[in-house]
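Structure first, then comments.
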Amino acid sequence: MGKGYYISKQMATAAMVLAAIALLTIIALSVVYNREKSKNAAKFTNVTTSPVSPTSKTSNEPWDKYRLPDTLSPQYYNVTLWPRLVMNADGMYIFTGSSGVMFTCAKKTDLILIHSNKLNLTLFEGHHAKLTGLNGVTAPEIKTTWFQTETQYLVIRLEGKLKPGKSYWLYTEFRGELADDLEGFYRSEYMEDGEKKIIAITQMQATYARKAFPCFDEPGMKAVFYITLIHDLETTALSNSQAFKKENVIINGTAITRTIFEPTKKMSTYLVAFIISDFTHIKAQVNKGVSVRIWARKKAIEDGQGHYALNITQPILEFFEKYYNTSYPLSKSDQIALPDFNSGAMENWGLVTYRETALLYDPQTSANGNKQRIVTVVSHELAHMWFGNLVTLKWWNDLWLNEGFASYVEYLGADYAEPTWNIKDQIILYDLQRAFAVDSLTSSHPLSRKEEEVNTPSEISEMFSTISYSKGAAVLKMLSEFLTEPVFAKGLSNYLNHFAFGSSVYSDLWDHLQKAVDQTPGVKLPYSVHDIMNRWILQMGYPVVTIDTRTGNVSQKHFLLEKEAVVERKSEFNYEWFVPIKWMKTGQEQDQLWLLQKSAIHKLMKVSKSEWVLANLHVSGYFRVNYDIGNWERLLSQLESDHQVIPVVNRAQILDDAFNLARASIINITLALRTTKYLINEREYIPWESALRNLNYFFQLFDRSEVYGALQAYLKKQVKPLFEHFGTISSNWTTVPKGHTDQFTQIIALSLACSTGVEGCRELTKSWFKRWMQNPHINAIHPNLRSTVYCDAIAAGGAEEWNFGWQMFKKATVAAEAVKLRSALACTKVPWLLNRYLEYTMNPEKIRKQDATSTIGYIASNIIGQPLAWDFVRANWDYFFKVYGTGSFTFSRFIGDITSRFCTPFELIQLKRFQQDNAETGFGSGTQALQQAIEKTTAKIKWLAENKEPVLQWLTSQSV
Ligand code: BES
Ligand code: ZN
């Protein structure tokens, strides 16, 4: 701690000195700047500069490379922006701005490359920028400037060389479009009291800061930002740091406000944010005077929708301060809910942006699932304030560590804020199992990529994958568990202190964890942290560990969904891992073992016929487990006689492992099906959710065959007691249970009972919806149950129900309610309604751009909607690719959604044809997703051919 404090104090002094120098330079420069301004009367007028690219694509010129050279290093920026929130004469929304950047020269060069995308730069004496030397240095003259569109650079060639160690000032003025494209500096619109409101917001990650102002747009190029925003009198401007001056000025005859912000800390361009809106806020102070504010539309704040987020922010910040052993690095924390937002949330330092559903909670209409979403997203983004923002991975190839880490610790922060929810258990559902699903394909990829492999914006965007987030979270959880939590936390806090305000690579974290291990007596590892972790992050996939309890033989094998799949990607570790195995014998926890070879004898795991072994206890490891059939049988009878001896997460994982082993033809499908038998006595959420996912997959495979009926009959039998249980404890569905996860189980009971036709279920949901239709002002359906009820009623109904749902969707003032309706509208079985709904996704007036691809995804998950959605997307492929294909990380999910039901040879042919037809334009950030879809479909076809009969037989045998 002492050392960390010393460093940060030094840093603080250095920062102050730098800030003082910066201020002086700015004053000096403002003279130059004003002179420049008056000279340049054409300021912000239409400067048409056609981009010229003097070299071909194949050239080896620096401006054709996507990575910046290491010749220049930015120190601080002085950015002024003025968004116009009214349409101009050309029918466009624009912003104007100016930006100066002070950089030092590290290596002699006569070339300046700075990112700039879709900005129209003002000419100064024929050039797009102005260069000045600082501290008495004379800058070389500019020879030529041009835009290199492909690599998104403004290229500046100089007559002479910049000198190492010297500093320069590069100044630009520009104009950009304030489009509604959800990227860079963009526009969002919403209706309030019948009036259309417009706000200006930013989303810089990963490569859009260059669309707001010219900058050295790489995460390792950290700098200080001096930001000034010009905006209408009645609006508020927000940015990463606190506003220190707000003044009303007259510019070109208009009275306007200028808000000047304090200099930021040294930070990456992708974390810069600024927002102009007429939003209001609520606030609180946390320890040490950090001001915490929640911002949203006036109406949302008036309705109290920000309170939940405000209440949990304080404990979450407190938790991370303790966990990281480092104070919150900034003096304020703003969080804002935005009506148009591409991802779920974005960790801009000090000004975190959210989709409304991820921040706003309305106790009257939001479900407990919505509440959980908020606490986990807030926890995730606040975790980044240290991990990611204070210390930043140097390049996007290491993104998995940033996102995987936040995805792991979000559970810890959320658990601290909501200690009664057992939320940490859910990592196995939302990360581990999700990662398992894609990581069992040969088209998967290792967590870690080489720096040279990730260059273009599309490649960067593709890094935001399930593997990065969820496998990252799962392997970090495993690491933390085998090191023990205190050792992990100690190494982590040393790492953060060491690299504060700087950048690192993933192995730096391993180094600090290793040091913590070495300093802690009693923690013994078979190999170094490096050696153990390399196998998990440098090779794709994961092992299935097979335990033969007759001999004590324990072995491992790369788990692949398709048993005959050929793995083309080579691994230096031969697809073997160092596996930490926590386990229990007949209900008693044992000492952890390590499997360090392909196969080994662990005598302790040889057990008698009356005992059983359960491995991967508490699902702490990223691997599946298989046993000899005798042990499987004993586990199954344990589940059926007294399932509670087995921890709840293991009950869920047994199901998931068994089904997936069966899908990979490693065990018999009837064995997997048998793991669901005990569910008749299960009341816990996590095992039910696990079962449901696996069974849903079955439903999708069989929904066009006779197996469907048998499956329904079996599930109906299994869920009936659950449905009745909740009916009883909720006084016939008039209340909801107290326990957080019990509320989730109740939802499963209702939806599964209704979909399998348990008597009395549909009548209930139909009557609730009908009552609402009769009196639209009173919606008595409990928020938790709304998604299910809406979907069932719209599926059972026709145009009248659909149109009512649409009206309510359009009127909804709570985003969470709108999502429930939007997804339920996709449940109709009426083709023309589905087709019309599909058309709506191309009209932002009807469906917001941020929601279009997920809406199509909902439609594709409906058996009637699936072929319609697939045809619709193919017919409009150019549009979807253009709008969502290269930058948006939701695009890969979109491809997954529209293909997830595919399981016939004909569908596989269509998929491959689709791939060929569009080979030329490619699939942008959805390239991997398409590959995965092909592999999954292939595996399903093969599996179905072999297993349809046994499945039918087993299910039929259960109904007698
Ligand atoms: N940094 C991401 C947001 C992001 C993702 C920006 C992709 C640009 C491209 C943020 O920290 C994040 O991970 N958000 C998640 C929610 C989180 C709780 C998993 C998201 O947006 O889905
Ligand atoms: Zn994140």
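Atom set for the values below is all heavy atoms of this structure, side chains included, hydrogens, waters and symmetry mates excluded. Numbering of ligands and ligand atoms starts at 1, following listing order.
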Atom 8 (C) of ligand 1: of Q205, R893, M204, E183, the nearest heavy atom sits on Q205
Using a plain distance cutoff, I'd like to know if H384 has any nitrogen or oxygen under 3.5 Å from a nitrogen or oxygen of ligand 1.
yes
Indicate yes or no: does an N/O atom of E381 lie under 3.5 Å from an N/O atom of ligand 1?
yes
H380 to ligand 1: N or O pair under 3.5 Å?
yes
Of all N, O or S atoms in H380, identify the one at the shortest distance from the Zn ion (ligand 2).
NE2
Looking at E403, the N/O/S atom that lies nearest to the Zn ion (ligand 2) is called OE1
Do any heavy atoms of Q203 fall under 4.0 Å from ligand 1?
yes
What are the atoms of ligand 1, with element, lying closer than 4.0 Å to any heavy atom of Y469?
2 (C), 5 (C), 12 (C), 13 (O), 19 (C)
Please determine if M346 has a nitrogen or oxygen closer than 3.5 Å to a nitrogen or oxygen of ligand 1.
no
E347 N/O to ligand 1 N/O under 3.5 Å:
yes
Judged by atom type as modelled, is there a donor-acceptor pair below 3.5 Å linking the side chain of R293 to the main-chain atoms of H281?
no
Donor-acceptor pair, N494 side chain versus G491 backbone, under 3.5 Å?
no
Measure the acute angle between the ring planes of F320 and Y324, then classify it against the limits of 30° and 60° as parallel, tilted or perpendicular.
parallel
So does D340 get a backbone contact from the side chain of Y186, meaning a donor-acceptor N/O pair under 3.5 Å?
yes
For the student: nearest non-hydrogen atoms of F387 and N402, plus distance
O-OD1, 3.3 Å
Atom indices of ligand 1 within 4.0 angstrom of V377 heavy atoms, with elements
18 (C)
NZ of K211: more than 12 outside heavy atoms within 6.0 angstrom?
yes
Any A345 heavy atom less than 4.0 Å to ligand 1:
yes
Work out which heavy atom in F891 is nearest to a heavy atom in G926; give both atom names and the distance.
CD2-N, 3.7 Å
Any N or O of R373 that comes nearer than 3.5 Å to an N or O of ligand 1?
no
Quick one: sort the F880 and F894 rings into parallel, tilted or perpendicular, breaks at 30° and 60°.
tilted
Is E356 salt-bridged to R297, going by a charged N under 4.0 Å from an acidic O?
yes
